Amino acid sequence: MLKSSPMVDGGWQELRRGAPGRAQALAAQAVFPLTIPQIAQPDFLSTGIAARAWRFEEKEAVEGFVRIGVDVWDQGHPQRPDRALDGDACLWFQQAGPFVAALRSGYEQADERVEENLEALNALLLHCIDKLDPSKMAIYTDAGFHHPFNAHAIYHRARAGFADDLALMRRLWREGSPGWRLPPLSQAATPRDGDSLHGWRSAAERERLWQAMAAAMAGTAGGPEAVAERLEALMESQRFDFYARGGGLMLLEYPHMLNAFMDRFYLELAGGPEQA
């Protein structure tokens, strides 16, 4: 399926068991509307391939490759203990750097190449949506836990999935994730936890996010109809980049997806004030 993407070159590695170690990876995690049979010893399978991408030496772009992999696992696997956070499968890139724009003076030409990398990545993600028909796909970097507000992009086949994300946020705020041994976000230490609120945010940004979440989680998002109405209003506001795909809806900040998070969207969807 991925061989038809212009990013992918060469052959796939043989399937192996066990989760690979990755630092600062870019991951697209997918959830599928199926039940994977429980087995005595849940399995975890991985494979990898080289993907063409611009790499960077200071401001200079050079042709190169980045490792891309696919992981799939059975429900209940100890390395993926919380399906709401982990999904059922993951498409990952070894490094996120080639997809992050500098957005400062002197790096304009390099950022143009980053945008080319992002266009190829977007095409690959849309290809996965078309071929696999996931109920959800979320784009993360591994500098923080895979909470909805840490996503760089999100796709839901059904719009009600955005309300499910709000419910997950409330659960994480009040209960944390026992599977990952994460305490409730409401009990996050000061300065606010870099893993839970993502290490790419500064301490001041994490503090502001925590305060905004405290206000949003103290209120009530209302029922599904109220959330659906706010989603429609946010779509009509044209302050967020929504794209219809595969009968579903994808949200990202174009063209620099990895330079942004979805926190502003989810705080407003929860009924909070308009975020700057």
Side-chain angles (χ1 to χ4, degrees), residues 21-29 80-82 84-87 90 92-93 95-104 114 118 136-154 162-221 230 234 239-241 251-254 256-276:
R22 305 189 298 274
Q24 299 298 313
L26 165 64
Q29 289 187 303
R80 295 294 183 268
D82 190 336
L85 295 179
D86 304 323
C90 179
W92 55 265
F93 289 75
Q95 291 88 23
F99 305 92
V100 181
L103 299 181
R104 61 180 185 270
V114 170
L118 286 166
K136 176 182 178 179
M137 180 178 286
I139 315 304
Y140 297 101
T141 41
D142 281 353
F145 286 114
H146 296 176
H147 301 335
F149 47 82
N150 286 339
H152 300 283
I154 189 81
F162 291 102
D164 294 337
D165 287 343
L166 287 185
L168 173 59
M169 287 175 60
R170 291 186 181 278
R171 192 253 284 182
L172 294 170
W173 181 257
R174 296 168 179 167
E175 305 172 18
S177 172
W180 280 106
R181 298 182 180 178
L182 297 179
L185 279 168
S186 59
Q187 299 176 10
T190 302
R192 302 305 176 190
D193 178 48
D195 288 330
S196 292
L197 300 182
H198 207 285
W200 285 9
R201 295 185 178 100
S202 67
E205 289 171 333
R206 293 196 297 270
E207 179 68 26
R208 287 194 296 271
L209 174 58
W210 190 92
Q211 295 292 348
M213 288 186 63
M217 296 298 101
T220 174
R230 283 197 295 275
L234 291 173
R239 292 186 297 108
F240 300 94
D241 297 327
L251 171 64
L252 55 85
E253 190 162 312
Y254 186 85
H256 304 120
M257 173 174 62
L258 264 65
N259 288 78
F261 295 101
M262 296 292 100
D263 50 5
R264 185 168 58 98
F265 164 76
Y266 280 112
L267 288 169
E268 293 189 29
L269 187 65
E274 182 175 322
Q275 304 293 307

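Not measured: the values here are computed from a predicted model.
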Please assess Ser177 against His147 for the test side-chain hydrogen bond (donor to acceptor under 3.5 Å, both in side chains), listing each intermediate value before the final yes or no.
CA-CA 10 Å; Ser177 172; His147 301 335; over 6 Å; no
Worked verdict on Asp263 versus Arg201 for side-chain contact (heavy atoms from CB on, under 4.5 Å):
CA-CA 11 Å; Asp263 50 5; Arg201 295 185 178 100; 3.1 Å; yes
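The heavy-atom pair separating His198 from Ala143 by the smallest distance is CE1-CB, 3.4 Å. In plain terms, the two heavy atoms of Ile154 and Ala138 that are nearest each other are CD1-CB, 3.5 Å. Across Pro81 and Asp86, no two heavy atoms sit closer than the pair N-OD2, 3.2 Å. Taking each heavy atom of Ala27 and His146 in turn, the nearest pair found is CB-CE1, 4.5 Å. Heavy atoms only, all atoms of each residue included: Ala214 and Trp173 are closest at CA-CZ2, 3.4 Å. Of all heavy-atom pairs between Ser186 and Trp210, the closest is O-CZ2, 3.4 Å.
Under the 6.0 Å cut-off for aromatic ring centres, Phe261 and His152 qualify, their centroids lying closer than that.
Residues forming a side-chain hydrogen bond (donor to acceptor under 3.5 Å, both in side chains) with His256 (at least two apart in sequence, or on another chain): Glu115.
Rounding to the nearest 0.5 angstrom, the gap separating the CG atom in Leu166 from the CE atom in Met217 is 6.5 Å. The structure places OH of Tyr266 at 12.0 Å from CE of Met213, a figure rounded to the nearest 0.5 Å. Residue Asp195 holds its CG atom at 11.0 Å from CH2 of Trp180, rounded to the nearest 0.5 Å.
The backbone N or O of Leu269 lies less than 3.5 Å from a partner atom in the side chain of Arg230, making a donor-acceptor pair. Remark: the backbone N or O of Ser196 is paired with a side-chain donor or acceptor of Asn150 at under 3.5 angstrom. With Asp165 contributing its side chain and Pro148 its backbone, the two residues share no donor-acceptor pair below 3.5 Å.
Inter-residue side-chain proximity for Leu85 and Phe145 is flagged as unmet; no heavy-atom pair is nearer than 4.5 Å. Residues Phe99 and Met257 are not in side-chain contact: their nearest non-hydrogen atoms beyond the backbone lie 4.5 Å or more apart. Residues Leu185 and Leu197 form a side-chain contact, since some pair of their non-hydrogen atoms from C-beta on lies under 4.5 Å apart. Two residues are said to be in side-chain contact when any heavy atoms from C-beta on lie closer than 4.5 Å; Val114 and Val100 fail this criterion. Contact of the Leu252 side chain with the Ile139 side chain is not registered, since no non-hydrogen atoms from C-beta on lie closer than 4.5 Å.
Every pair passing salt bridge (Lys or Arg N to Asp or Glu O under 4.0 Å) that includes a residue from residues 171-185 is listed here, sequence neighbours excluded: Asp82-Arg171.
Of the residues listed (Met262, Met169, Arg264), the one engaging Phe149 in a side chain to side chain contact (heavy atoms under 4.5 Å, CB included) is Met169, and it is the only one.
A salt bridge does not link Asp164 with Lys136: every distance from a Lys NZ or Arg NE/NH1/NH2 to an Asp or Glu carboxylate oxygen is 4.0 Å or more.
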